[in-house]
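Data first, discussion second: the structure below is written as structure tokens.
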Amino acid sequence: MASLLRLPSLLAPAAARPAALLRHRGRCIHTSPARLCAAATNAGASSAAPAKMETRGGDREGQVTPRSTDFNAWYTDVIAAAELADYGPVRGTMVIRPYGYAIWEAIQDYLNVKFKETGHSNMYFPQFIPYSFIEKEASHVEGFSPELAVVTIGGGKELEEKLVVRPTSETIVNHMFTKWIQSYRDLPLMINQWANVTRWEMRTKPFIRTLEFLWQEGHTAHATLEEAEKEAMQMIDVYTKFSYEQAAIPVIPGRKSRVETFAGADRTYTIEAMMGDKKALQAGTSHNLGQNFSRAFETQFMDENGQLEHVWQTSWAISTRFVGGIIMTHGDDAGLMLPPRIAPIQVVIVPIWKKGDEKRVVMEAVASVQNTLKEAGIRVKVDNSELRTPGWKFNFYEMKGVPIRIELGPRDVKNRSVVLSRRDVPGKQGKEFGISMEPSILVDHIKGRLEEIQASLLQKAITFRDSNIVDVNSYGELKEVIAEGKWARGPWSASDVDELKVKEETSATIRCFPFDQPGGAKKCFMTGNPTDEVAIFAKSY
């Protein structure tokens, strides 16, 4: 492996963890000396060389594994180097660090507004669920049983009934809905909760699959099937728009196959994202639960004609695995590359001076620029630490995916201008010199560049996705495409048994039947029977 510093598998015992990770808790940058020297040279080109050399040794113990060499190693390296997460003391758990949590907060901020705009209210349910609740819905318990964490002792005594640590909340929600819903006047009932869930995963990956993770889960009850279906579709549309407009991830929305449908749902809708290694990530789901849970829990209402009916329900969720999706969609060999709309820091300012008397002048200009950007609503950070060189800082904030870097030295102050570098355009091509400090000019320029970066990341991801989806018309063609690591799209109306055969022989699953379907007559590539739909097959996380 190229890396000497890597966040190991979340299943790795403490003794197997790299010593550097066990020891280092401060900032660390993982880059080659060549890149550091190049960055320092660029800093000098802006104005003057820094006054101080590095004062702490051993900060570059290893390099981030190149993305093209080992994607999985690159991913875990970036999480460690960009200070997104660390592993917890319990195998399979992780600690989300402030920078990683700030990305999750950006996701929360957007979705919270959308949930409330669509009539949902936030609330909270207990994380301990009676085991008997899980057993009430047969397919639900069958689907989740291998992943359950069960509590049998409390207060030093064996419990009369086992408790399940929340894997999802459909059961306890229905228990409460049964108490709250009596009449058609109580409908629709639409709630959301932000919570943690526990699923006892045996193979873990930071953010993507851990024993405990954070998510939001929405739950709604309706008087009719049509209302529930409209709600399920509305929420997958909210997720789709978030993915495109905020995360710059061009997901494909669609319907899951019967085999891949959520345990206890009639229909599952999904957004599927292509990662940088061409594997699929199920980035969000919305379920039409029909009356499965309401019948199991006797969640009923009196309709307008005085008839007792079971409610129709939905549930929908997006989780911290979306943070992993952002990393794997946009990152490069230098580390993270964050879309500006969800970046915790949109602009970082690196002051540069050589002589002591230059510091005051530079820092006054830095403070002015910082205030100008803050007042304009731009998330900005100043790194005025004197313990690191500008070159070190350049590489560090590239690793953290900050969209724009501003360099400001004595010569820039004299010229009333700044130097700007774009994270998405490496090298000299991404640098702009002589950008005026005049507030209106600077703000307009920065905002324009942030929008350009947002659009550029989305277009790059769309191009990558579309170039790696191949249309197939036979099972042999599908096998070839999957073997190349790409997504296969083809007409499908075969049985569940045939679908499981594909999974067994190729490790690929049906990711979805896309909502956007091509017209014209089609024949299933497996059976030769007529079909109205194409399905997308891919290997996935």
Side-chain angles (χ1 to χ4, degrees), residues 67 71-72 74-75 78-79 84 100 103-104 106-108 110-111 114 205-210 213-216 235-257 260 262 268-287 316-332 336-339 341-343 401 424 454-470 481-482 485-489 507-516 534-541:
R67 190 171 180 262
F71 190 87
N72 288 329
W74 166 85
Y75 176 75
V78 167
I79 287 174
L84 296 175
I103 298 173
W104 177 236
I107 296 172
Q108 288 180 304
Y110 175 90
L111 290 178
K114 295 303 177 184
K205 187 181 184 71
F207 288 109
I208 300 301
R209 197 175 294 276
T210 50
F213 57 90
L214 304 179
W215 74 352
Q216 60 74 210
M235 300 320 294
I236 206 67
D237 185 55
V238 167
Y239 292 158
T240 301
K241 288 180 178 177
F242 163 75
S243 301
Y244 272 85
E245 297 174 6
Q246 303 297 310
I249 298 178
V251 296
I252 295 179
R255 186 188 80 253
K256 284 289 190 182
S257 67
E260 296 291 324
F262 175 73
T268 290
Y269 302 110
T270 181
I271 50 172
E272 297 291 324
M274 182 181 288
M275 301 294 95
D277 60 353
K278 299 189 284 288
K279 283 186 178 179
L281 181 73
Q282 179 179 286
T285 51
S286 180
H287 314 291
W316 27 273
I318 208 168
S319 76
T320 41
R321 77 167 8 208
F322 210 104
V323 177
I326 292 167
I327 300 167
M328 291 194 286
T329 298
H330 301 302
D332 62 11
L336 280 178
M337 197 180 301
L338 294 176
R341 292 180 187 169
I342 60 169
D424 65 319
Q454 185 81 26
S456 174
L457 291 179
L458 176 60
Q459 187 54 55
K460 182 180 178 181
I462 290 173
T463 300
F464 179 79
R465 180 200 68 185
D466 292 350
S467 65
N468 286 292
I469 299 177
V470 180
V481 169
I482 297 300
K486 297 183 177 184
W487 291 19
R489 178 176 54 202
S507 297
T509 56
I510 291 180
R511 302 316 306 158
C512 69
F513 293 90
F515 293 148
D516 185 11
V534 298
I536 291 177
F537 292 77
K539 294 181 180 179
S540 67
Y541 284 102

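Positions are given from 1 along the sequence.
Contact annotation: the side chain of Tyr269 never approaches that of Trp316 to less than 4.5 Å [non-hydrogen atoms, C-beta and beyond]. The shortest distance between side-chain heavy atoms of Thr329 and Leu281 does not fall below 4.5 Å. When side chains are defined from C-beta on, Gln216 does not count as touching Ile107, because their heavy atoms never get closer than 4.5 Å. Using a 4.5 Å heavy-atom cutoff, the side chains of Phe207 and Tyr75 are in contact. Two residues are said to be in side-chain contact when any heavy atoms from C-beta on lie closer than 4.5 Å; Glu245 and Tyr110 meet this criterion. At a threshold of 4.5 Å between non-hydrogen side-chain atoms, the residues Tyr541 and Asp277 count as touching. Under the 4.5 Å side-chain criterion, counting only non-hydrogen atoms from C-beta, Val481 is not in contact with Trp487. At a threshold of 4.5 Å between non-hydrogen side-chain atoms, the residues Lys460 and Asp424 do not count as touching.
Between the CD atom in Gln108 and the CD1 atom in Ile103 there is a gap of 12.5 Å [rounded to 0.5 Å]. His330 NE2 to Leu457 CG: the interatomic distance, rounded to the nearest 0.5 Å, is 5.5 Å. Separating the CD1 atom in Ile536 from the OG1 atom in Thr509 is a distance of 11.5 Å, to the nearest 0.5 Å. Remark: Asp332 CG to Arg67 CZ distance equals 7.5 Å, nearest 0.5 Å. One finds the NZ atom of Lys279 at 6.0 Å from the CG atom of Asn72 (value rounded to the nearest 0.5 Å). Taken from CZ in Arg489 to CZ in Arg511, the straight-line distance is 16.0 Å, to the nearest 0.5 Å.
Pairing each heavy atom of Ser243 with each of Phe322, the nearest pair is OG-CZ, 3.4 Å. A pairwise comparison of heavy atoms in Ile462 and Pro250 identifies CG1-CB, 3.5 Å as the closest pair. Residues Phe464 and Ser467 approach most closely at O-OG, 2.9 Å, considering heavy atoms.
Taking the six-membered ring where tryptophan is involved, the planes of Phe71 and Trp74 are tilted, since the angle between them lies from 30° to 60°.
Not a single donor-acceptor pair under 3.5 Å links the side chain of Glu272 to the backbone N or O of Ala280.
No more than 12 heavy atoms of other residues, nucleotides or ligands sit less than 6.0 Å from atom CG of Asp516.
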